[in-house]
Trainee: 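The structure follows.
Numbered from 1 within each chain, the chains take letters A, B, ... in sequence-line order.
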Amino acid sequence: MSDFRQTKAAFDRDIFLSNFHGMDDLISETISSFFTALPDLTSAIETAIREKNLADLELAAHTLKGVVANFYAEPSKLLAWKLEQIGHGQLNEDCEIVFRQLQVELSRLTNELQNLVNETKVA
Amino acid sequence: MKIASIQKWRWIYSGIALLNLTVVGASLALNHHLRNQYSETITLDDFFNKRLKMIEELQVLASAVNAPGNDIFDSNNISLERSRYSTAVKKYDDSYRQILEDLKSNQSSFSFLKVSGLLENIQPNMQTMQKEIEHVFTHVELKKKNLAIGRMAAMDRNLALINQGLIACSLEIRKLQTEYMNRHKDESDRFQYFERVVSFFVFLIILGMVFYGSLISNFVAKALEDRNLALQQKKAIDDSAIVAGLDSTGTIIHVNDKFIDITGYSKAELLGKDYRLINSGHHSKEFFRNISKSVSDGSVWRGEIKDKKKDGSYYWADSSIVPMRDVNGNIFQYMVIRYDITERKELEASLIKSKNEAESAAKVKAEFLANMSHEIRTPMNGIIGMSNLLLSSVTDAANIERLKIIQNCGNTLLDLINDVLDFSKLEVDKVWFESQPFPLHTTVKEVLDLLSTRSSEKGLKLIYQPESNVPEWVSGDVTRFRQILTNLIGNSIKFTENGSVQIFSQVMPLQDHKYKIEFSIKDTGIGISDDVKDRLFQSFSQVDASTTRKFGGSGLGLAICKGLCEKMGGTIWVQSEPGKGSTFFFNFIAEVSMSFEYKTPANPFLAFDTEMGKKHPLRILIVEDSRTNQLVAVGFLQKLGYRADIAANGQEALDCLKRQEYDLVLMDCHMPVMDGFEATKRIVAKYAEAERPQIIALTASTMKKDIDLCKATGMNGIIGKPITIAALVKSLSDCKARDCNIRKAV
């Protein structure tokens with residue numbers, strides 16, 4: 001599974017595009033909005049982990065999960081879900097490790113989304 | 001013996017004792033009275049006899065007065081006779097006066113008036129007789145014997161009259177004596193009757209005492225038996241249970257050895273102390289208040305209590321607190337009987353912990369599996385897709401064959417993965433069922449088209465024969481319906497070598513515009529024996545192990561179909577005979593989305609319609625804290641011809657609703673300041689159903705518990721994230737019910 005994940009896309013580009021029904025402007029605006037919001041979203045999670053505030057961790061991870069879901073970014077969504085469950089007391093995993101994995105996935109996601117934006121511009 | 005019964009016998013005993021005392025008192029009174037009666041009778045008799053004797057003596061004295069008048073003729077001694085006469089007269093007079101005074105002095109007690117009168121009546125005769133005696137003496141002295149004899153005769157006549165009067169007196173006294181004695185006799189007769197009554201009561205008392213004595217004897221025997229039994233029971237309880245006795249204030253007044261052993265206190269340390277000495281602090285005050293109330297009312301309280309030992313450690317006891325009552329029914333102490341259940345409680349706690357851990361692990365596993373479903377399926381799609389691509393570019397026959405094997409294996413593995421994932425979702429109740437209109441017959445035909453290649457390869461006929469009243473359009477989950485149908489028809493094709501597979505459908509109307517739609521799939525295959533039918537719908541169950549080897553499959557297909565049918569309000573079963581074929585039946589509950597008479601091809605809002613906002617205008621509020629999600633929602637709504645206002649949290653949404661009416665609120669669930677659940681609760685509380693907007697949850701959590709929570713707070717529906725235009729279209733079209741509001745606003 002882990003071998004596969006390394007080669008897997010950070011988001012399902014086809015489904016994402018089909019869900020927007022050719023609304024290119026909305027796609028660009030949504031991605032741009034995501035890029036703007038991402039530092040605050042990750043920072044909220046990081047702060048909650050640092051302050052060991054489980055309620056804040058649950059809310060921040062849930063919000064991020066809802067945002068990345070727009071891009072059908074399953075790896076990021078899964079990791080955000082894990083953090084949300086840790087915050088809810090339902091999952092007993094090291095949240096810092098999961099957060100580091102999430103940061104990697106979000107980095108891949110932003111790269112791939114940036115590529116998509118660039119392709120659209122070229123086109 | 002019951003307290004009421006004891007009271008009864010106490011009353012009976014008191015009654016008999018009182019009767020006994022009364023009879024004894026009456027007997028004593030009777031005896032006293034009889035003794036007085038007897039004494040009085042003797043005295044009275046003596047009284048009357050004495051008076052009679054006095055009358056007799058007076059009669060003798062009267063004769064003595066008369067005697068000298070007669071004796072003078074013989075003696076001729078006048079002086080002697082005169083002297084005798086004078087003496088006799090004096091004695092007579094003294095006696096007469098004495099008698100008369102006696103009679104008069106007793107006049108008040110007895111009726112001696114008549115006797116006195118009679119006595120006084122003889123005095124003239126006495127005086128006449130004395131005159132005649134004087135004449136006799138004179139005539140004798142004058143030697144006139146004939147004249148003297150004449151006077152003597154007159155003298156004797158008066159004596160006779162005197163005697164006659166005295167006899168009358170005696171008779172009168174005897175009459176009075178008889179009268180008084182008779183009066184006493186009457187009283188004696190009355191006492192005789194009274195004596196008989198007393199005797200009767202004495203008899204009754206004796207009878208009562210005998211009867212009561214017999215009962216007392218039985219009672220005592222029973223009491224002794226009960227006491228013996230109670231002592232044995234006490235010993236049995238003391239030997240097996242932890243026992244303490246408390247007075248009505250909760251002070252310990254008795255403890256047995258087991259109580260001392262388990263608490264670690266000595267008897268001296270316990271007796272006289274408040275029972276709260278062993279309170280562990282584990283239970284609430286309410287818990288003890290309930291116990292107190294229960295036992296004060298006279299009920300036996302039973303329950304489990306955690307107590308503290310002297311050394312500070314704890315023990316659990318299965319306790320009964322029994323109120324003890326005195327003979328008047330008042331509670332005077334409580335008996336606490338306990339059994340040490342510490343080991344059991346520890347075991348229970350351990351089991352509960354294990355169970356919770358197991359459930360938690362299973363839940364996390366199930367949720368993880370559900371979340372991983374995409375991850376598991378995606379690589380398989382990659383394998384199958386890549387092998388397809390390779391097939392189109394490879395020309396070497398051997399490699400083509402190898403790629404086909406990869407492709408087949410991939411498809412088989414994907415089917416198995418899908419089965420396992422579906423089954424695991426069903427097990428944790430995570431399968432979400434849609435309810436959207438779909439064309440029933442068209443869907444069946446699509447499934448038949450899909451399977452027609454496999455049936456044609458085996459030369460089987462595939463026939464669909466719906467009853468005429470089965471509707472085309474029904475509301476339900478088309479994917480799940482297709483899944484069940486595909487599985488059952490696929491099975492029939494798989495296990496049938498010759499003949500046909502026929503599909504029948506029928507509809508049964510239910511209440512509230514709902515219908516039970518039933519399908520049956522009849523094949524002419526190998527059939528199933530009776531002993532296998534029962535476990536056919538169980539998980540990982542096939543007819544036998546060789547079936548898996550021969551036909552493949554996970555063995556989950558029918559279990560999944562059963563789970564899906566049940567979730568759709570239906571059931572599934574089979575009728576089969578080995579060698580003759582099988583018929584699988586399944587049904588589900590659905591609403592008919594269009595009337596039978598007016599078949600409309602499709603729901604107009606199901607298609608993508610940029611003019612929807614004009615055809616179906618709504619005032620929409622989006623409540624969402626994420627800017628990105630706001631953009632997406634607004635963008636999609638604009639694409640459908642709508643515009644929407646935005647609130648960043650629940651509080652802002654409430655403020656917006658104060659300012660303006662909305663028909664639809666798309667509410668994010670988790671937000672800062674005020675989340676969507678709280679905001680929905682406040683909207684539901686503040687606005688009547690007809691006045692408030694439809695509230696649709698926007699959430700990235702679509703587990704059953706999340707959906708249940710949304711419904712519980714009053715939300716009307718749910719849209720899972722990521723938001724899709726299709727989901728929006730459905731929610732917008734469901735909001736038709738608020739058309740009236742729009743008209744009102746317009």
Trainee: Could you tell me whether the side chain of A/Asn19 and the main chain of B/Ile723 form a donor-acceptor pair under 3.5 Å?
Mentor: yes
Trainee: So which atom in A/Leu59 and which in B/Met671 form the shortest heavy-atom distance, rounded to 0.1 Å?
Mentor: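 Closest pair (atom of A/Leu59, atom of B/Met671, distance): CD1-N, 3.9 Å.
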Trainee: Measuring from B/Leu640:CG to A/His21:NE2, what's the distance to the nearest 0.5 Å?
Mentor: 9.0 Å
Trainee: Is it the side chain or the backbone of B/Asp625 that comes within 4.5 Å of chain A heavy atoms, both, or neither?
Mentor: side chain
Trainee: Given the options A/Ile31, A/Asp25, A/Leu26, which has more heavy-atom pairs under 4.5 Å with chain B than any of the others?
Mentor: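 Top count of heavy-atom pairs under 4.5 Å with chain B: A/Leu26.
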Trainee: Could you measure the distance from the CZ atom of A/Phe34 to the CG atom of B/Leu631? Nearest 0.5 Å is fine.
Mentor: 13.5 Å
Trainee: So which part of B/Ser626 gets closer than 4.5 Å to some heavy atom of chain A, the side chain, the backbone, both or neither?
Mentor: side chain
Trainee: Given side chain to side chain contact (heavy atoms under 4.5 Å, CB included), test A/His62 with B/Thr699 step by step and report yes or no.
Mentor: CA-CA 9 Å; A/His62 180 86; B/Thr699 178; 4.1 Å; yes
Trainee: Quick check: do B/Ile725 and A/Met23 have side-chain heavy atoms less than 4.5 Å from each other?
Mentor: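 Yes, at least one pair of side-chain atoms sits under 4.5 Å.
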Trainee: Under 4.5 Å heavy-atom distance to chain B, tell me which part of A/Glu58 shows up: side chain, backbone, both or neither.
Mentor: neither
Trainee: Do B/Lys721 and A/Asn70 come close enough that some side-chain heavy atom pair is under 4.5 Å?
Mentor: no
Trainee: Using the test side chain to side chain donor-acceptor pair (under 3.5 Å), find all partners of B/Arg643 that sit at least two apart in sequence or belong to another chain.
Mentor: B/Asp645
Trainee: Which distance, rounded to the nearest 0.5 Å, do you find between the CD of A/Glu29 and the CZ of B/Arg627?
Mentor: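 Output value for this atom pair is 6.5 Å.
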Trainee: List in chain and number order the residues that pass side chain to side chain donor-acceptor pair (under 3.5 Å) with B/Glu678, two or more places apart in sequence or in another chain; answer none if no residue qualifies.
Mentor: B/Arg682
Trainee: With a 4.5 angstrom heavy-atom cut-off, could you sort out which part of A/Phe20 is near chain B: side chain, backbone, both or neither?
Mentor: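 Both parts, heavy atoms under 4.5 Å.
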